[in-house]
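Take a look at the structure set out below.
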Amino acid sequence: MQPTSPIGVFDSGVGGLTVAAAISEYLPNEQIIYFGDTEHLPYGDKSEEAIQQYALKISDFLLQRNCKMIVIACNTASSVAYQLVQKYFGSEALIINVIDPVAEAVAANAQQKVGVMATRRTVQTGIYPQKISHLRPDLHIVAKAARSLATMIEEGLFHNKKIMAAIIEHYLADPDFADIDSLILGCTHYPIIAKDIHQYWQQNAIQPIQIFDSTDTVAVRVKQLLTTHQLLNSSKETPNYQCFISDYTQSFEQASQIFFKQKIKPQHFDLWGS
Ligand code: DGL
């Protein structure tokens with residue numbers, strides 16, 4: 001592991017780019033290699049075993065490219081595969097999941113009731129309620145699966161404000177969410193529609209809420225960890241971001257352009273030999 005080595009970031013699709021973009025803003029000297037497993041999206045509907053296999057193989061791919069750190073920029077993979085990735089590769093690179101930093105931020109700031117919106121798999125694991133209750137047993141936490149939302153965002157429907165407003169209402173108008181003071185966007189695809197979600201709450205909420213997601217919070221954690229291990233890249237060269245996808249989709253290519261200041265060209269990489 002060298003300070004000049006890249007940071008590897010992965011997700012099932014474009015969602016993890018929200019985390020990669022936050023890292024690039026916060027740590028502009030760092031090289032980033034991104035892997036979007038578009039062939040297997042949505043992870044949220046896959047079995048734990050399948051997601052674990054994907055996460056291990058992608059982590060291995062990133063390590064072969066000499067990454068000093070692997071950011072599991074997917075809540076679903078973080079919830080079922082983080083420990084395994086840590087076990088297999090923790091001696092070769094620093095491993096970060098996107099759930100712990102958010103759970104800690106929520107525990108430090110929420111008042112009484114927290115809503116979690118995430119994929120079906122993430123909700124089924126109960127990981128957010130477990131982690132937050134461990135830190136703040138007094139908080140009441142309600143978690144809801146927003147099943148098709150990540151796929152809709154991946155397909156580029158986030159540009160269609162009408163459709164997004166309708167789907168956000170469909171998930172957030174749940175009576176269990178009516179009196180929350182904090183909302184966790186527990187899927188890395190959701191920050192892409194954070195503005196629409198804010199707008200929904202401004203128009204409909206009884207009380208103002210705080211929204212937590214895994215963009216800046218995770219970027220701060222990345223910096224802390226690299227600093228502790230003396231692995232921050234101090235080179236002043238403009239980084240050259242690389243982006244790989246397991247299946248070429250036009251929607252990924254289009255969506256990926258909104259994240260970075262420099263243009264990136266996603267390359268198809270046949271990781272699964274199909
Ligand atoms: N972006 C991913 C997450 O944070 C999952 C989306 C999916 O593939 O279902 O959970």
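Indexing begins at 1, ligand by ligand and atom by atom, following the structure's order.
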*asked:* At under 4.0 Å between heavy atoms, is it the side chain or the backbone of A150 that contacts ligand 1, or both, or neither?
replied: side chain
*asked:* Suppose we measure from atom 9 (O) of ligand 1 to each protein heavy atom; which comes out shortest, and what is that distance?
replied: G44 N, 2.9 Å
*Looking at Y34 versus Y241, is the centre-to-centre ring distance below 6.0 Å?*
no
*Locate the shortest heavy-atom distance separating A145 from R120; write the atom from each residue and the value.*
CB-CA, 3.7 Å
*F177 ring center near Y171 ring center (under 6.0 Å)*: no
_Interfacing atoms of ligand 1 (cut-off 4.0 Å, heavy-atom, S12)_ = 5 (C), 6 (C), 7 (C), 8 (O)
*Could you find the nearest protein heavy atom to atom 7 (C) of ligand 1 and give me its residue, atom name and distance?*
Y43 N, 3.3 Å
*Is the ring centre of F10 less than 6.0 Å from the ring centre of Y54?*
no
*Minimum-distance pair of heavy atoms, taken over all atoms of E92 and L63*: OE1-CD1, 3.9 Å
_I need the atoms of ligand 1 closer than 4.0 Å to a non-hydrogen atom of P42, numbered in the order shown._
7 (C), 8 (O), 9 (O)
*Can you tell which part of C187 has a heavy atom less than 4.0 Å from ligand 1: side chain, backbone, both or neither?*
both
*Determine whether the side chain, the backbone, both or neither of D11 has a heavy atom under 4.0 Å from any heavy atom of ligand 1.*
side chain
*Which atom pair, heavy atoms only, marks the closest approach of Y82 to I96?*
CE1-C, 4.3 Å
*Element-labelled atoms of ligand 1 that are located less than 4.0 Å from some non-hydrogen atom of T76*: 3 (C), 5 (C), 10 (O)
*T119 and ligand 1 - part of the residue with a heavy-atom distance under 4.0 Å*: side chain
_Given N75, I51, T151, identify the one with the heavy atom nearest to atom 4 (O) of ligand 1._
N75
*asked:* Is it the case that the side chain of S78 and the backbone of I72 share a donor-acceptor pair, with hydrogens and angles ignored and the cut-off at 3.5 Å?
replied: yes
